Structure formats: C-alpha cells, structure tokens
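Notes for the one structure printed next.
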Amino acid sequence: MKTSFSLSGLVRENVKKLIPYSSARDEFSGKGSVFLDANENPNENGVNRYPDPMQKELKLRLGELKGVHPENLLLGNGSDEVIDLLFRAFCEPNIDNVIICTPTYGMYEVAAGINAIENRGVPLTADFQPDVDAVLVAADEKSKLLFLCSPNNPTANLLSESKLVRLLGDFQGIVIVDEAYVDFAPGKSLIDKLDKYPNLVILQTLSKAWGMAGIRLGIGLASKEVIRILNRIKPPYNVNCLTQTKALELLKSEDSYKDQVKNIIEERDKLMVFLSDLSFVEKVYPTDANFILIRVNNARGLYDFLLADEIIIRDRSKIKSLGNCVRISIGTNQENTILRNSLTKFDLKS
Ligand SMILES: Cc1ncc(COP(=O)(O)O)c(C=O)c1O
C-alpha cells in the first residue's frame with residue numbers, strides 16, 4: 001500500500017465545495033412505474049426516457065469482465081471524456097501542471113491546453129520507455145497528473161511494469177496509465193495494482209479490441225474514492241441509452257471479441273514480416289498493439305502514394321523523435337492484402 005498519499009490534497013477546492021447536480025433519476029429509491037419527475041415526453045419510442053446516470057447494469061457487466069467492483073468504475077463518452085474529467089477534478093487552471101511522457105496520444109496535451117494547464121512533456125527513452133528519473137526531476141508540488149500510455153500510441157510498445165511501479169510509488173500526484181490497447185498485448189493490465197496504489201487511474205475503452213468506437217464508451221478504473229470525486233463532476237447523463245444498450249448487447253459476445261483479437265494479432269504478425277522485407281522500410285518497431293509503427297525513407301511520399309490507392313494511414317513524421325515514421329492500423333485480411341499490394345508497387349518504384 002502506498003503511504004504518504006493524500007487524495008484530498010490533490011482535489012481542487014471548488015470541486016470539494018461543489019454541490020453536485022442531482023438528477024431526477026438519482027433522487028428516488030424503490031420501485032417506480034409512473035415517471036412524472038423528469039419532464040420527459042411520456043410516449044414510448046425506445047429513447048424517450050433519460051438513461052441511467054450511473055450506468056448500473058453496464059458497470060456490473062464490466063466489473064465482472066475486468067474483475068473489479070462496479071464502484072471502481074467510471075464510464076465516459078469515450079476515454080477522452082474521462083481524461084477531461086481528470087483535469088477538471090485535479091488541476092487548477094493557470095496554476096497546476098501535468099507531466100506527459102512523449103511521444104504519445106495527442107489528447108492528453110489537447111486536454112491540458114483546453115483546461116489551461118501547463119504541460120511538462122518528458123521524452124520517453126530511445127527504446128520508448130519512461131525516463132523515471134527525468135519525470136521525477138520535472139515534477140514539483142503542482143504536478144497533479146502524470147500520463148503514461150501502455151501499449152503506447154503511436155510507438156506501439158508496452159511500458160516496463162517495473163518502471164510504472166516506481167513511478168506509482170514516487171510520483172506524488174495521480175498516475176494515469178492508458179491501456180486502450182492492452183487487449184492486444186502479451187503483458188497484463190495493471191488492474192491488480194489498484195488496491196496497492198491509491199494514486200493509480202487506468203483508462204480502458206470499448207473503442208479498440210471490443211469494436212465499439214462508434215458508440216463512445218470509455219472506462220476509468222480507480223479507487224472508490226477517486227471514482228466518487230469524478231462522479232461528482234461528470235455530466236449527469238454522460239453515457240446515452242443507445243450506448244448503454246448496445247454495449248451490454250455486444251459485451252455478451254466474449255468469444256467473438258477473443259476471436260477477433262486473435263485474428264488481428266495474427267494479421268499484425270504477418271504484416272510485420274512483410275514490412276521488414278521492403279527496401280524503403282528502414283525500421284519496423286516492435287508492437288504490442290493493433291497497429292505498427294515503421295520508419296521509411298520518405299513518409300510523405302508513401303502516405304501520398306497509398307492515398308492515391310484510397311488507403312489511409314497515419315503520418316506521424318512531424319512528431320519529434322518520429323521523423324519519417326508512419327503508423328498503420330491492422331485491417332481485415334482483405335484490407336491487409338490490398339495494403340500489401342500497394343506497398344509492393346511503391347517498393348518497385350522506390
Ligand atoms: C491511447 C489512446 N487512448 C484513448 C483513445 C481514445 O479512446 P476513446 O475512443 O475511448 O475516446 C485513443 C484513441 O485513439 C488512444 O489511442
């Protein structure tokens with residue numbers, strides 16, 4: 001158990017004092033059958049009622065899947081909403097700062113900007129691992145959040161668990177480990193560390209392995225105390241009823257999810273071998289995710305060539321330390337064949 005951690009000392013004063021909005025559906029307990037409390041249109045059409053603000057049924061199912069109590073879960077309109085709530089709960093605009101281990105997912109920096117919070121970027125080491133000492137040197141008493149992404153986007157690698165554990169022990173604020181791609185990785189989630197580290201917040205999402213990017217459902221996993229604070233400030237009905245219903249339906253298909261993950265990993269490994277043989281590819285980075293980062297001799301040229309064949313990849317070459325790098329998501333077998341054909345054409349002309 002981490003000692004010397006004061007959650008209350010990290011929470012913004014206005015959040016501590018806030019009287020949260022109390023929605024109609026929060027205010028009664030017991031059984032209701034005639035709902036005249038929320039100014040809804042009473043004519044049934046499947047969506048005329050407000051959704052459950054606390055998503056109880058969905059959290060029960062996710063709790064079962066993740067092996068945690070529903071009180072350790074916060075659901076958001078994508079993990080992007082959970083990221084924003086973390087800023088609003090813990091970071092005082094124009095006063096506090098956050099540390100982001102870069103290069104990484106761009107929304108942490110954007111959320112910092114939106115919330116007027118200084119971003120202290122600390123570069124990952126040459127092998128894209130956290131530089132623990134540099135993070136601790138960059139941090140001061142105003143450093144409220146530390147963002148780490150494992151497997152990291154766009155570098156695709158898992159972060160070293162022992163380094164994450166050191167940071168959980170030594171960083172004085174909240175440590176956010178974004179596990180959006182963990183389902184594709186051989187290592188396991190840090191969920192079993194939640195009891196030991198009250199400063200740990202894990203982000204997961206249904207947008208990747210579970211195939212539900214379109215319904216927007218992100219998951220925050222943390223201590224009950226942290227979740228209670230985030231619940232106080234979240235928009236009351238932040239997960240709509242279509243999302244809750246669809247997620248519950250698709251979360252029943254655990255076998256199909258597992259088959260799809262297995263298939264994506266097989267396709268990824270085939271593509272890794274193929275890419276390594278192309279003359280214009282200078283480096284294929286190891287991957288623990290559903291995408292591959294490669295360094296080529298002319299990132300923009302490759303991007304434009306594939307675009308002409310209607311294949312869209314992500315040009316990451318503008319990012320410091322990722323010169324001439326592009327990121328390629330793993331598609332279906334058929335899509336990957338189309339990609340390979342186009343890459344072969346590019347190789348012949350290079
Ligand atoms: C590391 C990482 N976290 C979070 C997200 C966004 O997740 P969501 O769709 O749940 O907002 C992404 C999307 O690409 C991502 O790469």
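Counting starts at 1 for both ligands and their atoms, in listed order. Values below: all heavy atoms of this structure, side chains included; hydrogens, waters and symmetry mates excluded. Worth saying up front: this structure is predicted, and the values here are computed from it rather than measured.
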Any idea which atoms of ligand 1 are less than 4.0 Å away from a heavy-atom of [X]?
X      : value
Ser79  : 4 (C), 6 (C), 7 (O), 8 (P), 10 (O), 11 (O)
Ala180 : 1 (C), 2 (C), 3 (N)
Cys149 : 1 (C)

Region of Asn153 that comes within reach of ligand 1 [heavy atoms, distance under 4.0 Å]
side chain

Please indicate whether Glu225 has more than 12 foreign heavy atoms, meaning atoms of other residues, nucleotides or ligands, lying under 6.0 Å from its CD.
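Atom CD in Glu225 is crowded, with more than 12 foreign heavy atoms closer than 6.0 Å.
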
Take atom NZ of Lys246 as the centre, draw a 6.0 Å sphere, and report whether it contains more than 12 heavy atoms from other residues, nucleotides or ligands.
no

Tell me, please: is [X] in heavy-atom contact with ligand 1, that is, under 4.0 Å?
X      : answer
Arg216 : yes
Lys208 : yes
Ala213 : no

[Y] backbone acceptor or donor facing [X] side chain under 3.5 Å:
X      : Y      : result
Ser143 : Asp140 : yes
Asn152 : Pro103 : yes
Thr287 : Ala289 : yes

Identify whether NZ of Lys or CZ of Arg in Lys283 sits under 6.0 Å from the centre of the six-membered ring of Tyr285 and within 45° of that ring's axis.
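Yes; both conditions hold, so Lys283 lies above the ring face of Tyr285.
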
Can you check whether Phe171 and Phe147 have ring centres sitting under 6.0 Å from each other?
no

Is Glu266 salt-bridged to Lys262, going by a charged N under 4.0 Å from an acidic O?
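So Glu266 pairs with Lys262 through a salt bridge.
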
Among all protein heavy atoms in this structure, tell me which lies nearest to atom 3 (N) of ligand 1, with the distance rounded to 0.1 Å.
Asp178 OD2, 2.6 Å

For atom 12 (C) of ligand 1, which protein heavy atom lies nearest, and how many Å away is it?
Tyr105 CZ, 3.4 Å

Do any nitrogen or oxygen atoms of Tyr108 lie less than 3.5 angstrom from nitrogen or oxygen atoms of ligand 1?
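Among all N and O atoms of Tyr108, none is under 3.5 Å from an N or O of ligand 1.
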
Test your reading of the structure: does Ser207 have an N or O sitting under 3.5 Å from an N or O of ligand 1?
yes

